[in-house]
Amino acid sequence: MKIKIYCIGKIKETYLKLGIEEYKKRISAYSQIEIIEVADEPVKDNPSKAEIEIVKDKECAKVLKLLKPSDYLVTLDLTKNQPNSMEFANFLSKGFEKGGSQISFVIGGSYGLSSEIKSRANDTICLSNMTFLHQMTRLILLEQIYRAFKINNNEVYHK
């Protein structure tokens, strides 16, 4: 099994980097895990809607260039289904079946994802209806992936 997480932007905070590395290490007992960062686009103060769309298009184009046509792609979107941890564990298991043992997630930039990458996605989920710091999303997704492996393997994980 292999998981790829495409992320727009870099993690700047040390505490997040440490958490991300910890969960990558934990997940590696169950699956290969790779995080691919692509540079975010500069945005001027108070951008217009059109300028935001251009930024999203440019950022997501970088990710689309890296994807293979066969990649099973899951996007994160605040307006979509929000699974609980048990449902996400099932989702991940089924995703590996559909994706030939590989799943790719994409975490958009601070303005989200382009319509092109959303239409390329095989599936979409919402991590939470709450708003998080953009950089925290990576850590939250990794923790939920780790939790899903623990659930799917009937292993105890602290609640």
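Worth knowing before you read on, the calculation uses all heavy atoms, side chains too, and leaves out hydrogens, waters and symmetry mates. Keep in mind the model is a prediction, meaning the values are calculated, not measured.
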Quiz item: How long is the gap from SG on C7 to CG on D40, to the nearest 0.5 Å?
Solution: 11.5 Å
Exercise. To the nearest 0.5 angstrom, please state how far the CG atom of L66 sits from the NZ atom of K4.
Key: 8.5 Å
Quiz prompt | Backbone N/O of V74 and side chain of D123: donor-acceptor pair under 3.5 Å | solution = no
Self-check item: Interatomic spacing from CG in L78 to CG in N129 - rounded to 0.5 Å
Solution: 7.5 Å
Quiz item: Of the non-hydrogen atoms in R138 and I20, which two are nearest, and what is the gap between them?
Solution: CD-CD1, 3.7 Å
Exercise. Please examine the side chains of P47 and Y111, heavy atoms only from C-beta on, and report whether any two atoms are closer than 4.5 Å.
Key: yes
Exercise. Treat each ILVMFWY residue as a node, draw an edge where side-chain heavy atoms are under 4.5 Å apart, and state whether I107 and L142 are in one component.
Key: yes
Quiz item: Between L73 and I117, is a side chain to side chain contact (heavy atoms under 4.5 Å, CB included) present by the stated rule, with each step listed?
Solution: CA-CA 9 Å; L73 183 65; I117 204 160; 4.1 Å; yes
Quiz item: Is L127 linked to L16 within one hydrophobic cluster, defined over Ile, Leu, Val, Met, Phe, Trp and Tyr using a side-chain heavy-atom separation of less than 4.5 Å?
Solution: yes
Self-check item: Sidechain-backbone polar pair: E59 side chain, G108 backbone, donor-acceptor under 3.5 Å
Solution: no
Quiz item: Does the pair N81 and T124 meet the rule for a side chain to side chain contact (heavy atoms under 4.5 Å, CB included), with working shown?
Solution: CA-CA 7 Å; N81 178 40; T124 305; over 6 Å; no
Quiz item: Rounded to the nearest 0.5 Å, what separation is found between the CE atom of M136 and the OG1 atom of T131?
Solution: 12.5 Å
Quiz item: So, do E51 and K56 sit near enough that their side-chain heavy atoms are less than 4.5 Å apart?
Solution: no
Quiz item: Between E37 and I11, what is the shortest heavy-atom contact and its length?
Solution: OE2-N, 3.8 Å
Quiz item: Tell me, do I8 and S110 make a side-chain contact under 4.5 Å, heavy atoms counted?
Solution: no
Quiz item: Checking T137 side chain against H134 main chain: does a donor-acceptor pair fall under 3.5 Å?
Solution: yes
Practice problem: Go through T79 and D77 one step at a time and tell me if the side chain to side chain donor-acceptor pair (under 3.5 Å) criterion holds. | Solution: CA-CA 5 Å; T79 65; D77 189 326; 2.8 Å; yes
Practice problem: State yes or no: do F132 and L113 share one hydrophobic cluster built from I, L, V, M, F, W and Y residues joined by side-chain heavy-atom distances below 4.5 Å, directly or via other members? | Solution: no
Quiz item: Is there side-chain contact between I145 and L92, with at least one heavy-atom pair below 4.5 Å?
Solution: yes
Exercise. Give, for atom OG of S114 and atom CD1 of I54, the distance between the pair rounded to the nearest 0.5 Å.
Key: 13.0 Å
Quiz prompt | Residue among K150, R26, R147 satisfying salt bridge (charged side-chain N to carboxylate O under 4.0 Å, His left out) with E155 | solution = K150
Quiz item: Which atom pair, heavy atoms only, marks the closest approach of V55 to P42?
Solution: CG2-O, 4.1 Å
Quiz item: For the atom pair CG (L139) and OH (Y23), what is the distance rounded to the nearest 0.5 Å?
Solution: 7.0 Å
Quiz prompt | Heavy-atom check, side chain of Y6 versus side chain of L67, under 4.5 Å | solution = yes
Quiz item: Within the side chain of S93, is there an N or O that forms a donor-acceptor pair under 3.5 Å with the backbone of N90?
Solution: no
Self-check item: Pair K24 + E21: basic N to acidic O under 4.0 Å
Solution: yes
Exercise. Check whether any side-chain heavy atom of I125 sits under 4.5 Å from a side-chain heavy atom of K80, and report yes or no.
Key: no
Self-check item: Same apolar cluster (I L V M F W Y, side chains within < 4.5 Å links), I5/Y146
Solution: yes
Self-check item: N/O donor-acceptor pair under 3.5 Å between Q102 side chain and G99 backbone
Solution: no
Practice problem: Say whether, by atom type as modelled, one donor and one acceptor occur between the side chain of S104 and the main chain of D71 under 3.5 angstrom. | Solution: no
Quiz item: Are L141 and V106 in one and the same hydrophobic cluster, where Ile, Leu, Val, Met, Phe, Trp and Tyr link if side-chain heavy atoms are under 4.5 Å apart?
Solution: no
Quiz item: Should we count CD of E116 as having more than 12 external heavy atoms under 6.0 Å?
Solution: no
Quiz item: Which pair of heavy atoms, one from K2 and one from Q32, lies closest together, and at what distance?
Solution: CD-OE1, 3.3 Å
Exercise. Return yes when atom NZ of K58 has more than 12 non-hydrogen atoms of other residues, nucleotides or ligands closer than 6.0 Å, and no otherwise.
Key: no
Quiz item: Going through the distances and angles, do I151 and F88 end up as a side chain to side chain contact (heavy atoms under 4.5 Å, CB included)?
Solution: CA-CA 10 Å; I151 290 168; F88 181 71; over 6 Å; no
Exercise. Please state whether the rings of Y30 and F149 are parallel, tilted or perpendicular, taking 30° and 60° as the class boundaries.
Key: parallel
Exercise. Quick one: do K94 and F96 satisfy side chain to side chain contact (heavy atoms under 4.5 Å, CB included)? Show the steps, please.
Key: CA-CA 5 Å; K94 287 182 179 179; F96 280 123; over 6 Å; no
Quiz prompt | Minimum side-chain heavy-atom gap K17-Y15 below 4.5 Å | solution = no
Exercise. Spell out, as yes or no, whether a donor-acceptor pair under 3.5 Å connects the side chain of S31 to the backbone of I33.
Key: no
